[in-house]
Number of protein chains: 2
Amino acid sequence: MQLSRTEQNYLKAIYMISASSVESPEASTNAIAARMETRPASVSDMLRRLSDKGLLNHNRYRGVSLTDHGMQQALVIVRRHRLWEHFLVHSLGFRWDEIHEIAEELEHVSHPELIARLDAFLGNPTEDPHGELIPGAQLQMPYRHTMPMNALAPGEQARVVCVDEGSDALLKYLDEIELRPGIQFYVVSVAHFDQSMRIRREDGTEWRITREVTNSVQVEQIDGLA
Amino acid sequence: MQLSRTEQNYLKAIYMISASSVESPEASTNAIAARMETRPASVSDMLRRLSDKGLLNHNRYRGVSLTDHGMQQALVIVRRHRLWEHFLVHSLGFRWDEIHEIAEELEHVSHPELIARLDAFLGNPTEDPHGELIPGAQLQMPYRHTMPMNALAPGEQARVVCVDEGSDALLKYLDEIELRPGIQFYVVSVAHFDQSMRIRREDGTEWRITREVTNSVQVEQIDGLA
DNA sequence: CATTATTTTTATCCCCGCAAAAATATGTTT
DNA sequence: AAACATATTTTTGCGGGGATAAAAATAATG
């Protein structure tokens, strides 16, 4: 069964919402509408259709979650999106804040052999330019333990794992302050009044990071020391 | 004014039909319907809309031709299509008979910077894998004098310029007999009853080519000699 | 002029979007 | 617990894009 472009977009949005909240895999109509910049009425209608197709579990008035089949479909799209993002940055030289919109188009080009060859051409990458995992050819998605940067306490050390690709402006800023996946840092202090965070990096530079930024960066804590 | 995917497909089909017949740039409703595998009723409806948008000159019951604006739009799509075909063959290693359908999807991804960078990444190619010219960034399309292979007479020499990408099976066959752009040959004879052509190549090999094939290959004559 | 081929119109359908209204869930107050 | 207020979701009705078959209109041809 071939999915329309719009249906694919819905599945991806639902996947993203489910993946971003650890506790519950349920996505609400309003959350989907907000992410897709459409009206809840349209969402509600589409949820019914996707349920009828066996892609969603739908608790009326509660929310939806992906069925196994829906999850497979969503991961196919995520895989394509992230492979193309890798291509755009590493082959074509785009900055990571320029690629989201383009990849949103490319991800809908559906030819298994194309994606297989693109994957090989890129050297079978495991992460996209934002540090997000790229599902493998069998759509396997390894678990990775991360926490939002804003959950760190003073004195703790951490490494940036991935950053939210939602806002191009934020990505541009992160690039400027060189807060990229792999960067390690030490939390000097956290301001009480606005939760802004002062961090020190290995090269000794210090930055003050606002809450808006720490909300959008996922890190893994480094138990060890320097 | 942003064109829908379907509108883009119509413009490209009309461009292709116009470009393939030297004498008249008019495309008929039936010809468009046949090429796009849709019904004449749908075509007729769309022709009216594209005319309203100033992309076509429409002589009711006679046919359509592209306006300057329509031609620009069509060339943008052709440029994208052929650049992607180049990428699929030279970067991803596809055979030339596998790429048409994929490029039909990729051609609709519309981001000027993407195409500019892809063009540079590929080394600003001037021809696609079938030998067709790729319109430049300013959509310039140089004139090239070619003739169908079936117009050659015995004793004449010619070079293959480009081949019709319409049939994947034909392309596969052309690849097997190594009748690719750039190949030079000599016409040994032409059979009266079916116009099949016997050719000899520089390496001495001889082949009998059916009319169906010579119809789909464009050549340039070599006045000179061997 | 009559026949045939082609094109256009008309009516209808599906996909997917929206606003407005109805239905349901949630939270607060008594 | 019952009643109310608020937030969320769903239903309903509708509109645009694009496809179709059937019918009507027009062009081409003998």
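Within every chain, numbering begins at 1; the chains are lettered A, B, ... in the order of the sequence lines, protein sequences first and strands thereafter.
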Short side-chain N/O contact to C:dT8 OP1/OP2 from B:Thr29, under 4.0 Å: yes
Considering only heavy side-chain atoms of B:Arg39, the closest of C:dC18, D:dT20, C:dT26 is D:dT20
Take the protein atom CG of B:Leu50 and the nucleotide atom P of D:dA19, then report the distance between them rounded to whole Å. 11 Å
Pick from A:Glu165, A:His108, A:Glu132: which one makes a side-chain hydrogen bond (donor to acceptor under 3.5 Å, both in side chains) with A:His81? A:Glu165
What's the CG-P distance between A:Asp52 and D:dT10, to the nearest Å? 13 Å
Would you call B:Asp45-B:Arg49 a salt bridge at under 4.0 Å N-O? yes
OP1, OP2 of C:dC16 versus side-chain N and O of A:Ser4: anything below 4.0 Å? yes
Would you mind classifying the nucleic acid contact of B:Ser44 as base, sugar-phosphate or nothing, using non-hydrogen atoms under 4.0 angstrom? base
Check this one for me: any side-chain N or O of B:Arg49 less than 4.0 Å away from OP1 or OP2 of D:dG18? yes
Measuring to OP1 and OP2 of D:dG17, would you say a side-chain N or O of B:Thr6 lies under 4.0 angstrom away? no
Nucleotide nearest B:Arg48 when distance is taken to its side chain, options C:dT9, C:dA25, D:dT11: C:dT9
To the nearest 0.5 Å, how far apart are CZ in A:Arg144 and CG in A:Leu133? 3.5 Å
Gap between atoms CD1 and C1', on A:Ile32 and D:dT10 respectively (whole Å): 13 Å
Between A:Ser28 and D:dT8, does any side-chain N or O lie under 4.0 Å from OP1 or OP2? no
A:Met46 side chain: which of D:dT20, C:dC16, C:dA25 is closest? C:dC16
Spacing between A:Met36 atom CE and C:dC18 atom C1', to the nearest angstrom: 15 Å
Rounded distance in Å - CD (B:Glu7) to P (D:dG16): 15 Å
Given atom CD of B:Glu26 and atom C1' of C:dT7, what is their separation to the nearest angstrom? 14 Å
Verify the contact: side-chain N or O of B:Tyr10 to OP1 or OP2 of D:dA19, cut-off strictly under 4.0 Å; return yes or no. yes
For A:Ser42, which contact category applies under a 4.0 Å heavy-atom criterion: base, sugar-phosphate, or nothing? base
Check A:Arg208 against A:Ala191 and note the closest heavy-atom contact, atom names and distance. NH1-CB, 4.2 Å
Just N and O in the side chain of A:Asn30: are any of them under 4.0 Å from OP1 or OP2 of D:dT9? yes
Expressed in angstrom and rounded to an integer, what is the separation of B:Arg60 atom CZ from C:dT7 atom P? 13 Å
Return the value, rounded to whole Å, for the distance between atom NE2 of B:His58 and atom C1' of D:dT26. 12 Å
Donor-acceptor under 3.5 Å (B:Arg117 side chain, A:Gly93 main chain): yes
Quick check: on DNA chain C, is the nucleotide nearest B:Ala27 upstream (toward 5') of the one nearest A:Tyr61, or the reverse? Name the residue that is more 5'. B:Ala27
Has the side chain of A:Gln73 got a donor or acceptor atom that lies under 3.5 Å from a matching backbone atom of A:Gln8? no
